[in-house]
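So that the names make sense, note that chain A is the first sequence line, chain B the second, and so on, each numbered from 1.
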Amino acid sequence: MKDKILEGLNPQQKAAVEHLGSPLFVSAGAGSGKTKVLTHKIAYLVKEKGLRPHRILAITFTKKAANEMLDRIVRILAIKPMWISTFHSFCVKVLREDVHKLGKLFNRSFVIYDTTDSLRVLKDILKRFNIDTKESGDARDVISKAKQSYRSSIFDYISALPYPASSYADVAEAYREALERSNAMDYDDLIYFAVELLSTNPEIRAKWQGRFDHILIDEFQDTNDIQFSLIKLLAGQSRNLFAVGDFFQCIYTWRGSRPSNIERFIREFGAREMKLEKNYRSTQRILGVANTIVSKVECRWSDKAIELYTDNEEEGDIEYKSHDDAVSESGWIARKIQRLSQHTPYSDIAILIRMTFLSRALESVFMRYNIPYSIVSGVSFYDRAEIKDLLSYLRFIANPRDAAAFERIINIPGRGIGKKAISNIRESYKDDWLQAIGDAKLTAKQRHAADAFIKTVRSYQDSVDAEPYMTLMGLVSDIGYFDHLKKEYKEDSEDRIENVSELSNVLQELEEEGKPFSEFMEDNLLASEQDKIGKENSVKILTLHAAKGLEWPVVFLPAIEEDIFPSARSLTNESALEEERRLFYVGITRAKQRLYLSSADSRMKFGQTSFMMKSRYLREIKHHF
DNA sequence: CTTAGGAAACTTTTT
DNA sequence: GTTTCCTAAG
């Protein structure tokens with residue numbers, strides 16, 4: 001068995017798998033078999049060292065990575081370890097078990113707010129403070145950054161920031177109260193409260209520390225401060241820590257990632273370092289381009305630079321083509337795909353874009369050429385208005401404290417309950433929105449509509465969790481939702497009704513499996529863009545960020561133009577520009593055999609033609625073509 | 001007080 | 001191309 005686990009690993013990978021007794025950081029270049037090392041390490045610990053699988057904790061960046069790791073381990077071991085999850089979903093597990101020990105209003109059935117939900121709450125608060133709601137995004141960023149740095153008082157932390165950030169301290173406090181009253185947590189809260197729970201409560205900390213013999217962390221370069229704290233709290237005195245990462249694939253500093261956590265990990269845990277430099281993914285020519293880009297990275301980790309090499313003899317294909325405009329660029333891509341499709345499945349092809357709006361030009365051309373495609377980023381199924389409306393209804397029925405859901409649905413379909421009426425309702429709120437609607441001062445007409453709303457919601461309260469499908473069907477007819485769609489959306493109402501029926505199929509399946517509605521909501525909220533990549537035979541269009549950790553035989557990188565890649569916003573800031581370069585590196589290294597780059601001299605932006613300049617990156621790599 | 005319709009403003013990247 | 005903002009009419 002030992003041979004089977006270590007078989008097929010190169011000496012560097014083997015050393016990383018076999019290393020025991022001290023924390024270890026493995027610096028793993030793109031395509032160097034990082035996931036392989038992680039999975040084989042877990043298999044090795046179980047088979048060779050006799051660790052019990054449920055005592056191993058592995059933390060990944062996306063759910064997709066977690067699932068992939070789980071699949072591979074099941075293939076090697078035929079055992080399913082329990083604790084392979086993302087930072088967020090791990091924290092949800094901690095909180096579902098122990099949140100009541102936090103001494104707050106939260107209970108175990110708390111709901112998770114996505115970005116839209118939390119912005120909705122935040123906008124209300126800004127209005128109350130007489131601040132322009134345009135600032136909701138800024139306020140959210142300040143609050144989010146504050147939570148990520150983990151201070152015991154968010155209010156004090158924000159107050160001490162330089163103006164204008166400091167002006168959001170009261171807003172942050174009101175936001176915190178509002179979410180707690182709604183029994184709701186946003187993405188940052190999940191980690192923040194888990195860390196608070198573990199750091200303030202020694203018994204709970206001891207309990208969780210005692211559960212794991214070994215902790216492994218993937219994509220360490222993209223962890224942030226609070227995630228580092230979480231690892232520290234979970235590790236305790238344990239020396240059995242293992243992390244992998246790559247400075248040059250750090251692409252989330254704008255979201256609080258701290259690549260310096262790698263150095264901190266080595267210093268604070270006394271970790272040893274190893275490198276994986278052999279690439280098993282790409283051809284020599286593709287790696288040549290990647291290495292050129294990396295060699296130009298100017299940063300203080302340049303001593304960590306990894307020069308990737310391969311003994312892959314395949315020629316592969318790389319090409320760059322300049323176009324007059326975005327339409328001819330898309331046409332060129334479409335024709336290339338048509339030719340490739342004679343011997344390559346569509347699902348082996350990906351188009352990686354810097355900004356989501358770039359997908360539109362591609363979409364219209366692909367439709368004309370009959371090329372099956374799917375867009376991974378952008379408006380996903382669960383972001384569609386009609387789906388969010390109905391899920392908010394179900395959420396509200398299940399939890400009448402849910403403020404974001406309440407605000408979304410109270411006037412959908414139109415009940416004549418507008419801004420003024422909602423603010424009246426808010427005034428009579430104690431701990432349940434249904435009671436607030438009942439108590440609020442309303443006009444006779446509004447009262448009539450509001451009472452009907454209350455009656456409908458109450459009639460499903462006992463059935464929503466166990467019978468979400470039946471509830472949805474009843475609800476849609478009770479509130480006349482299809483009529484609402486026909487009235488609001490006219491010509492594309494048919495598509496939207498179709499979406500609702502798709503949702504009902506999903507819920508029907510759920511109901512047949514006997515899975516509760518609350519669990520379904522959680523799975524969808526914590527799913528990443530990557531998780532939505534279907535297995536169907538289609539060309540995938542996705543952002544470079546969403547492509548992290550993935551690979552395809554054929555990769556297109558269109559719109560390699562100044563102001564797009566690197567993006568206009570990064571130009572004023574040296575470290576942002578460095579991140580763009582790393583992102584370009586990530587893009588190139590997704591390709592296994594064929595890499596096609598292109599740019600256009602003009603492109604539609606904001607519905608108007610803009611002239612574009614070729615990206616600086618093209619100059620740097622042009623000797624490769 | 002609400003709603004409809006047109007004008008203005010806006011798009012990095014997302015767990 | 002799309003969301004949100006603003007104003008005037010119901």
Side-chain angles (χ1 to χ4, degrees), chain A residues 59-66 85-92 112-116 118-119 123 132-134 136-137 140-141 144 147-148 185-191 219 222-224 226-227 250-257 352-361 363-364 376-380 383 385 411 413-424 441-443 445-446 449 487-488 522 524-532 542-549 559 563-571 573 576-577 579-580 582-584 586-587 603-608 610:
Chain A
I59 298 181
T60 61
F61 197 71
T62 63
K63 229 171 98 180
K64 168 123 184 156
S85 54
T86 64
F87 274 104
H88 290 88
S89 61
F90 174 76
C91 289
V92 170
I112 301 166
Y113 274 7
D114 69 6
T115 316
T116 321
S118 70
L119 276 177
K123 277 182 185 161
D132 193 339
T133 54
K134 277 190 193 121
S136 59
R140 212 199 104 88
D141 288 348
S144 169
K147 285 180 192 162
Q148 282 174 21
M185 297 194 193
D186 66 20
Y187 290 132
D188 296 315
D189 288 335
L190 297 175
I191 300 179
E219 308 270 19
D222 280 317
T223 56
N224 60 30
I226 195 169
Q227 288 165 342
C250 173
I251 54 175
Y252 281 99
T253 60
W254 55 272
R255 208 177 78 185
S257 297
L352 308 185
I353 52 180
R354 180 66 186 87
M355 290 173 200
T356 43
F357 84 87
L358 293 166
S359 67
R360 280 195 211 115
E363 259 186 287
S364 55
V376 179
S377 196
V379 182
S380 80
D383 284 336
N411 205 30
R415 299 188 171 84
I417 297 178
K419 277 188 215 133
K420 192 72 198 176
I422 290 175
S423 96
N424 285 341
K441 200 170 84 229
L442 296 172
T443 65
K445 220 169 150 191
Q446 290 171 331
K487 184 163 153 270
E488 281 299 304
E522 199 159 288
N524 279 301
L525 281 165
L526 296 178
S528 72
E529 290 303 323
Q530 286 188 357
D531 304 330
K532 296 166 193 162
L542 62 162
T543 66
L544 285 128
H545 283 86
K548 182 189 174 77
D563 289 0
I564 289 184
F565 207 172
S567 91
R569 294 241 184 147
S570 69
L571 297 177
N573 176 335
L577 256 175
E579 185 144 312
E580 293 286 316
R582 295 195 296 266
L583 192 56
F584 192 54
V586 168
R603 151 180 330 273
M604 293 292 271
K605 266 168 121 182
F606 302 109
Q608 284 205 314
S610 315

Interatomic distance where [atom1] belongs to [X] and [atom2] belongs to [N] [whole Å]:
| X | N | atom1 | atom2 | result |
| --- | --- | --- | --- | --- |
| A:K445 | B:dT2 | NZ | C1' | 10 Å |
| A:D222 | B:dT14 | CG | C1' | 11 Å |
| A:L442 | B:dT2 | CG | P | 10 Å |
| A:M185 | B:dT15 | CE | C1' | 16 Å |
| A:W254 | B:dT15 | CH2 | P | 8 Å |
| A:R360 | C:dG1 | CZ | C1' | 5 Å |
| A:R140 | B:dT13 | CZ | P | 15 Å |
| A:Q608 | C:dT2 | CD | P | 16 Å |

Side-chain N or O of [X] less than 4.0 angstrom from OP1 or OP2 on [N]?
| X | N | answer |
| --- | --- | --- |
| A:T356 | B:dT13 | yes |
| A:Q446 | B:dT2 | yes |
| A:N411 | B:dT3 | yes |
| A:T543 | B:dT14 | yes |

Checklist entry - Touch check for A:A421, heavy atoms < 4.0 angstrom, all strands: base, sugar-phosphate only, or nothing? => result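 Counting heavy atoms under 4.0 Å across all strands, the contact made by A:A421 is with sugar-phosphate only.
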Checklist entry - Hey, is A:Y252 doing a stacking thing with B:dT14, by the 5.5 Å centroid and 30° angle criteria? => result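 Here A:Y252 fails the 5.5 Å or the 30° condition.
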Next on the checklist: Looking at A:E363 and A:R360, is there a salt bridge between them, counting it only when a charged N and a carboxylate O are closer than 4.0 Å?
Outcome noted: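 Looking at A:E363 together with A:R360, the answer is no, because their closest N to O distance does not fall below 4.0 Å.
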Checklist entry - When you compare C:dT4 with B:dT13, how far apart are their P atoms, in angstrom units rounded to a whole number? => result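 To the nearest whole Å, 15 Å.
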Checklist entry - Is a side-chain donor or acceptor of A:N411 paired with a backbone partner of A:G418 at a separation under 3.5 angstrom? => result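 No; judged by distance alone, with no hydrogens or angles, the pair does not exist.
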Next on the checklist: Heavy-atom nearest nucleotide on DNA chain B for A:N424 versus A:A576: which residue maps closer to 5'?
Outcome noted: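 The residue whose closest nucleotide sits nearer the 5' end is A:N424.
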Item to check | Residue whose closest nucleotide on DNA chain B lies nearer the 5' end, A:I417 versus A:H88 | outcome: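 This one resolves to A:I417.
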Item to check | Residues that A:F565 engages under ring-ring contact (aromatic ring centres under 6.0 Å, His included), provided they are two or more places apart | outcome: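 For A:F565 the ring-ring contact (aromatic ring centres under 6.0 Å, His included) partners, ignoring immediate neighbours, are A:F584, A:Y617.
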Checklist entry - Got a sec, which residues hit side chain to side chain contact (heavy atoms under 4.5 Å, CB included) with A:S136, two or more places apart in sequence or on another chain? => result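 By the side chain to side chain contact (heavy atoms under 4.5 Å, CB included) rule, A:S136 matches A:L119, A:K123, A:L126.
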Checklist entry - Does the side chain of A:K147 come within less than 4.5 Å of A:I226's, by heavy atoms? => result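 In short, these two side chains do not touch, never coming nearer than 4.5 Å.
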